[in-house]
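Report on the structure given below.
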Amino acid sequence: MKKQRIIFVGTPKFSVPSLKALIEDSRFEVVAVITQPDMPAGRSLTLTPPPIKILAQNYGLQIFQPPKISQINDQIRELEIDALVVVAYAQIIPESTLALPKFGCVNVHGSLLPKYRGASVLQAPIINGDEVTGVTIMVMDKTLDTGPILRQAEYTITTTETADSLAGVLSNLGAKILPDALFGYLQGNIKPQTQDNNLANYVGRMEKKDGIIDWQSSATEIERFIRAMTSWPSAWTWIKGKQLKILEVDKTVIEINSQKPGKTFLYNSCLAVQCGTDSLLVRRLQLEGKKPMTSEEFIRGYKDFIGSVLG
RNA sequence: CGCGGGGUAGAGCAGUUGGCAGCUCGCCAGGCCCAUAACCUGGAGGUCGUCGGUUCGAAUCCGACCCCCGCAA
């Protein structure tokens, strides 16, 4: 049987399992991989290839790294592909490119559409305290994350879930259901289901400043927020002009409301912070320029920390 | 040469007009106690990141290098 010709489009670690799944599936032939150009990264700003490029190189696949994907529309057209598969490319695919493959473009989305559309779909369910999230395989259309759905898989969010752990779980879950969903679609066996736009929310791209903790929020909300911001951008606050990351707090809030929000105090010899409602016990934190450490270690070295107000 | 913080006891930190190396915790021993992660007493544990320079004398001043971290991506 003739293999389905596809081009894979993706960039970060999240897309790696999906590309691997397609490469190892004999029903498909990955004829090329499109990813972002190498970007300066790390403290020396060394030019670093995206994870997808490294994987593609290991398999000897043809690689394109255009600044804008539409710049290689001609090359894509010449490859005469059945479908383009997009997983976390970090760039909007313009209509001109979407129109090129015979059967269009299929996307692996890291949440259950239509609830969360946009960039920070891993963080949103954790922040909101959702019980379930998942992945969606969908056919792309001209607007972001609005195309008809092929398949979905659910995942129950744990009480210690972080955006990082979700990324690991969902990238594998997506890779697991992608091949069958894609093949079924290309064979005409799966009919794309239109999304209900009334249930949709758009969540924008996360920035460093989005990790700033609002101590007016309730302890419950902040605890979820901290997990959602892990490991980037991290939930953080200000202390004497320096950034202080709150890496981990006890998930059990304590019902103390006698302090000013953001104020630190000791509770059973543990570092606690007053929130808008109730208080949190801090487990691990990191001052800028320093390594992550437990709150016990931190307090030992920074004597006047207790009693100060964060934020 | 992207910007910035830092490397001092097992851990977290203090320590610059250069002059015997400190604090909190941990650890070991002993004591108190019905008992204890509490308390008391005593103790071990450091080539102050590395190399070189200045000096009678350097954790501290100068130079080079190594390593860690934040920002940025």
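Reckoned from all heavy atoms, side chains included, excluding hydrogens, waters and symmetry mates. It should be emphasised that the depicted structure is a prediction, and the values quoted were computed from it without experimental measurement.
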Handout entry: Inter-nucleotide C1' distance (rA9(B), rG45(B)), Å rounded
Key = 6 Å
Distance-only donor-acceptor hits, side chain of residues 74-83 of chain A, under 3.5 Å, sequence neighbours excluded:
residue	atom	partner	partner atom	Å
D74(A)	OD1	R77(A)	NH1	2.9
D82(A)	OD2	R5(A)	N	2.7

Handout entry: Interface residues of residues 304-311 of chain A with RNA chain B (non-hydrogen, below 4.0 angstrom)
Key = none
Problem - Partners meeting ring-ring contact (aromatic ring centres under 6.0 Å, His included) with F298(A) (sequence neighbours left out) - result: Y302(A), F305(A)
Exercise for the section: Find the partner of rA64(B): check Watson-Crick (N1-N3 plus N6-O4 or O6-N4) and G-U wobble (N1-O2, O6-N3) distances, both under 3.5 Å, and reply none if neither fits. Expected result: rU50(B)
Handout entry: T237(A) OG1 to K242(A) NZ distance, which is reported to the nearest 0.5 Å
Key = 15.0 Å
Handout entry: salt bridge (Lys or Arg N to Asp or Glu O under 4.0 Å) contacts in which one or both residues fall within residues 60-70 of chain A, not counting sequence neighbours
Key = none
Practice task
Among residues two or more places apart or on two chains, list those pairs meeting side chain to side chain donor-acceptor pair (under 3.5 Å) that have a residue in residues 134-143 of chain A.
Solution key: T136(A)-Q152(A), D141(A)-T146(A), T143(A)-T146(A)
Handout entry: Distance, C1' atom - from rA58(B) to rU16(B), rounded to whole angstrom
Key = 11 Å
Any N/O pairs under 3.5 Å between the protein and nucleotides 23-27 of chain B? List them or say none.
residue	atom	partner	partner atom	Å
rC25(B)	O4'	R300(A)	NE	3.4
rC25(B)	O2'	R300(A)	NH2	3.3

Handout entry: d(CE, M293(A); P, rG10(B)) in whole Å
Key = 17 Å
Handout entry: Of all pairs that satisfy ring pair (Phe, Tyr, Trp, His ring centres under 6.0 Å), the ones with a partner from residues 213-232 of chain A, not counting sequence neighbours
Key = none
Handout entry: For R224(A), all residues meeting salt bridge (Lys or Arg N to Asp or Glu O under 4.0 Å), sequence neighbours excluded
Key = none
Exercise for the section: Round to a whole Å and report the spacing from CG of L271(A) to C1' of rG12(B). Expected result: 14 Å
Exercise for the section: Only counting residues at least two apart or in another chain, list the ones meeting salt bridge (Lys or Arg N to Asp or Glu O under 4.0 Å) with D38(A). Expected result: K53(A)
Exercise for the section: Go along nucleotides 68-73 of chain B 5' to 3' and tag each nucleotide: B for a protein heavy atom under 4.0 Å from its base, S when only backbone or sugar atoms are that close, - otherwise. Expected result: SBBBBB
Practice task
Please state the C1' separation for the pair rA59(B) and rG2(B) - nearest whole angstrom.
Solution key: 31 Å
Problem - Shortest non-hydrogen separation from R117(A) to L144(A) and the atoms involved - result: CD-O, 4.2 Å
Problem - Euclidean distance for C1', rU55(B) against rG19(B) (whole angstrom) - result: 12 Å
Practice task
Pick the P atom in rG57(B) and in rG53(B), then give their distance to the nearest Å.
Solution key: 12 Å
Fill in the blank from the handout: Contacts satisfying ring pair (Phe, Tyr, Trp, His ring centres under 6.0 Å) that involve residues 152-190 of chain A (not counting sequence neighbours) are none
Handout entry: P gap between rG18(B) and rU60(B), integer Å
Key = 12 Å
Handout entry: Pairwise C1' distance for rG15(B) and rA21(B), with rounding to whole Å
Key = 9 Å
Practice task
Provide the distance between the two C1' atoms, one in rG12(B) and one in rU17(B), to the nearest whole Å.
Solution key: 30 Å
Donor-acceptor pairs under 3.5 Å, side chain of residues 22-33 of chain A to any protein atom, not counting sequence neighbours: which ones?
residue	atom	partner	partner atom	Å
D25(A)	OD1	R27(A)	N	3.0
D25(A)	OD1	R27(A)	NE	3.0
D25(A)	OD2	R27(A)	NH2	2.9
R27(A)	NH1	D180(A)	OD1	3.2
R27(A)	NH2	D180(A)	OD1	2.8

Exercise for the section: Searching all strands shown, indicate the nucleotide that pairs with rC3(B) (Watson-Crick or G-U wobble; both distances under 3.5 Å). Expected result: rG70(B)
